[in-house]
Amino acid sequence: MDVDLVFRIAAFGIMLTIVNQLLKNAGREDIATLATLAGLIIVVMYVAGLMSDFFSSVRQMFSLY
C-alpha cells in the first residue's frame with residue numbers, strides 16, 4: 001500500500017471538512033450533510049475498488065478460482 005493513498009484520502013477528508021464548515025456557517029446544514037455523505041460514498045467506493053483489486057491478486061496468487 002502506498003503512502004500516497006493515505007495522503008489522498010486524508011486530503012479529501014480535509015477538503016470535505018472545509019466545505020462542511022463553510023456550508024454550516026452559511027446556514028445550509030442540509031446541504032452540508034449531503035456533501036459530507038457524498039464525500040463518504042466517494043471514498044468508500046474508491047477503497048472498495050482497491051479491495052477488489054487486492055482480493056483479485058490474492059486469488060491469482062493462490063490460484064483459487
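These figures come from a predicted structure and were not determined experimentally.
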**Prompt:** Shared ILVMFWY cluster between M45 and L40, side chains joined below 4.5 angstrom?
**Reply:** no
**Cluster link M61 to F54, ILVMFWY, side chain under 4.5 Å** = yes
**Message:** Test of understanding: with side-chain contact (heavy atoms from CB on, under 4.5 Å), list the residues that count as partners of I9, not counting sequence neighbours.
**Reply:** L5, V43, V47
**Fill in**
When I42, V44, L50 are each screened for side-chain contact (heavy atoms from CB on, under 4.5 Å) with Y46, the one that passes is L50
**Request:** For residues A35 and L16, report the shortest heavy-atom separation together with the two atoms involved.
**Result:** O-CD2, 3.7 Å
**Request:** To the nearest 0.5 angstrom, please state how far the CG atom of N20 sits from the CG atom of L34.
**Result:** 10.5 Å
**Request:** State, to 0.1 Å, how close K24 and E29 come at their nearest heavy-atom pair, and which atoms those are.
**Result:** O-OE2, 3.7 Å
**Prompt:** What residues, two or more places apart in sequence or in another chain, satisfy side-chain hydrogen bond (donor to acceptor under 3.5 Å, both in side chains) together with R28?
**Reply:** none
**Prompt:** Are the side chain of S52 and the backbone N or O of A48 linked by a donor-acceptor pair below 3.5 Å?
**Reply:** no
**Prompt:** Between CG of L22 and CD1 of I31, what distance do you get to the nearest 0.5 Å?
**Reply:** 14.0 Å
